[in-house]
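Beneath this line is the structure, given in structure tokens, with notes to follow.
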Amino acid sequence: MPTNSLSLPVPSPETLAHSTACTAMLIAAIHEAGGWISFAEFMDKALYAPGLGYYAAGARKFGQAGDFITAPEISPLFGQCVAASVADTLLATKGSVLELGPGTGQLAFDLLVALEKLNVLPEKYWLLEVSADLRQRQRETLSRLPPSLTARCAWIDTLPVDFVGAIVANEVLDVVPVQLVVFKQGQRFLRGVGLDHAQFVWRDVPVLPPDVMLMADAVNREDFASTLPDGYLSEFAPQARALTASLVQCLQDGVILLIDYGFRRAEFYHPDRRTGTLMCHYRHHAHTDPFLYPGLQDITAHVDFTAIAEAGVAAGAALIGYTTQANFLLAAGITGLIGRHDPADTVPYLALTNQAQRLLSPAEMGEFFKVIGFAKGPHTIGALADARQLPL
């Protein structure tokens, strides 16, 4: 078990025992692989190994009592804006909503409530969730809905075929396992994980998998690649590209709305970002040590939205917009939603404006998070199309 040298909260004996078991599983996997695994494999097991991975075990992850807070936990305004954005597509297609990685179920709750008020209910609300623990949490959240709305909710394990309607994913792409690549001495090395006396250590190999090589080649073709400093480290996410392509392929008619934090390629692989974007989240503390407390902490990386755009278009969808979360929410009418509340009712009104500030502020989520949309068929996402577009 790595030493906690980051002044993080100390786990309880019970949670520490869970992390020890997750660590033992990772050590066994490295031994079975001959002493080395890619970081993508390490991240995948640390997050998703059945019963042990961070997202597959029972620890509370979201909200004040968890490790981080997502936009739906901050305010129902977020879900109301998303609902307004997909309502036209649902009305035109008479289709369903598919949400990936529904977390606590709060976004599903807010979307269904808002869509009912708009009189545009989906045929079904599908929740793609592989964690039994999170499914239970989502059921508890959605049980607060009227029976007429809960009856529309159903859980699935895999992507459907020939889906019609709106696909929504908030903070999903950032937890798709990434590969680490180091540019040094004119060569590219794949950074993985080995062992030194049962401790995880970084080890580099001079061979890139074909899918990673294609993405690294794309960076090398950019003008800024010649200025990357020796020892430059960054992430490549072929699995995020593959997931985007799979979403497009499963969509027969409708739209895809993806919300996450990240940059376009020229910003993502900027020479000044020489240590990459990998980040871990534990009890509302952010740090950069993925070897600390396996199974108890989230491991994330920013999204290369240029790669996501390329993958979606190559798979057969139309790119219908890319902008900041602030631009998107403003175009979706967040100020009008606030205006429906009486400022004289001071306490709830101030709470709502404070929530909006967190969602919109450049110092919080407003500029940090981006929104990208795709469509199949004659559809668009009005708020995304109307927002100020960013270059890709």
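Just so it is clear, the model here is predicted, and its values are computed rather than measured. Hydrogens, waters and symmetry mates play no part in the numbers below; they use all other heavy atoms, side chains included.
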D204 vs K184, salt bridge (Lys or Arg N to Asp or Glu O under 4.0 Å): CA-CA, chis, key distance, verdict:
CA-CA 11 Å; D204 300 341; K184 55 184 180 181; 3.0 Å; yes
Between F291 and W202, does the ring centroid distance fall short of 6.0 Å?
yes
Apply the side-chain contact (heavy atoms from CB on, under 4.5 Å) test between Y261 and each candidate in M279, K370, E171, M365; give the one that qualifies.
E171
Answer yes or no for R152 and W126: cation-pi contact, defined as NZ/CZ to six-membered ring centre under 6.0 Å and angle to ring axis within 45°.
no
Quick one: are the ring centres of Y322 and F374 less than 6.0 Å apart?
no
Under a 4.5 Å cut-off applied to non-hydrogen side-chain atoms, are L257 and I167 in contact?
no
Any ion pair linking R135 and D157 (charged N to carboxylate O, less than 4.0 Å)?
yes
Check whether E129 reaches the backbone of S131 with its side chain - one donor and one acceptor, N or O, closer than 3.5 Å.
yes
Can you tell me if T104 uses its side chain to pair, donor with acceptor, with the backbone of Q106 under 3.5 Å?
yes
Strictly distance-based, threshold 3.5 Å: is any side-chain N or O of T23 a donor or acceptor partner for the main-chain N or O of S19?
yes
Check: L145 main-chain N/O paired with T150 side-chain donor or acceptor under 3.5 Å
no
Distance from L352 atom CG to D345 atom CG, nearest 0.5 Å?
11.0 Å
Mark yes or no for whether D44, through its side chain, and P177, through its backbone, hold a donor-acceptor pair below 3.5 Å.
no
A49 and A56 have their tightest heavy-atom pair at O-CB, 3.3 Å
Within the 6.0 Å centroid threshold, strictly below: Y54 and H18:
no
Looking at G103, is its backbone amide N or carbonyl O close enough to the side chain of R137 to form a donor-acceptor pair, meaning the two atoms are under 3.5 Å apart?
no
From CA spacing to verdict: side chain to side chain donor-acceptor pair (under 3.5 Å), Q297, H285
CA-CA 10 Å; Q297 67 173 359; H285 290 71; over 6 Å; no
In short, I27 meets A198 closest at the heavy-atom pair CD1-O, 3.7 Å
Quiz item: cation-pi between R273 and F263, 6.0 Å / 45°
yes
Might you point out which heavy atoms bring L77 and L359 nearest each other, and give the distance in Å?
CB-CD1, 4.4 Å
For the student: nearest non-hydrogen atoms of E367 and T324, plus distance:
OE1-CG2, 3.4 Å
Report the C-alpha separation of Y55 and D133 in whole Å, then their side-chain angles, then the decisive distance to 0.1 Å, and conclude whether the side chain to side chain donor-acceptor pair (under 3.5 Å) test is met.
CA-CA 8 Å; Y55 282 103; D133 167 63; over 6 Å; no
Given D260 and H302, is the side chain to side chain donor-acceptor pair (under 3.5 Å) satisfied, shown in steps?
CA-CA 8 Å; D260 225 310; H302 287 50; over 6 Å; no
N119 atom CG, neighbour heavy-atom count above 12 within 6.0 Å
no
Would you say the ring centroid of F369 lies under 6.0 angstrom from that of F328?
no
Shortest non-hydrogen contact from L121 to L112?
CD2-O, 3.9 Å
With F78 as reference, evaluate L111, L107, T70, D110 under the side-chain contact (heavy atoms from CB on, under 4.5 Å) test and give the passing residue.
L107
Main chain of A307, side chain of D304: is a donor-acceptor contact present, judged purely on distance under 3.5 Å?
yes
Heavy-atom donor-acceptor pair, Q389 side chain to A387 backbone, under 3.5 Å
yes
Centroid separation under 6.0 Å, is that true for the rings of Y282 and Y293?
yes
Closest heavy-atom pair, L26 versus F42, reported as atoms and distance to 0.1 Å, is CD1-CE1, 3.7 Å
Indicate yes or no for a side-chain donor-acceptor contact from R203 to the backbone of L195 under 3.5 Å, with no hydrogens or angles considered.
yes
Heavy atoms from other residues, nucleotides or ligands near NZ of K45 exceed 12 (cutoff 6.0 Å)
no
Close side-chain approach of L98 and P160, heavy atoms under 4.5 Å
yes
Checking the side chain of K94 only, and the main-chain atoms of E123 only, is there a donor and an acceptor separated by less than 3.5 Å?
no
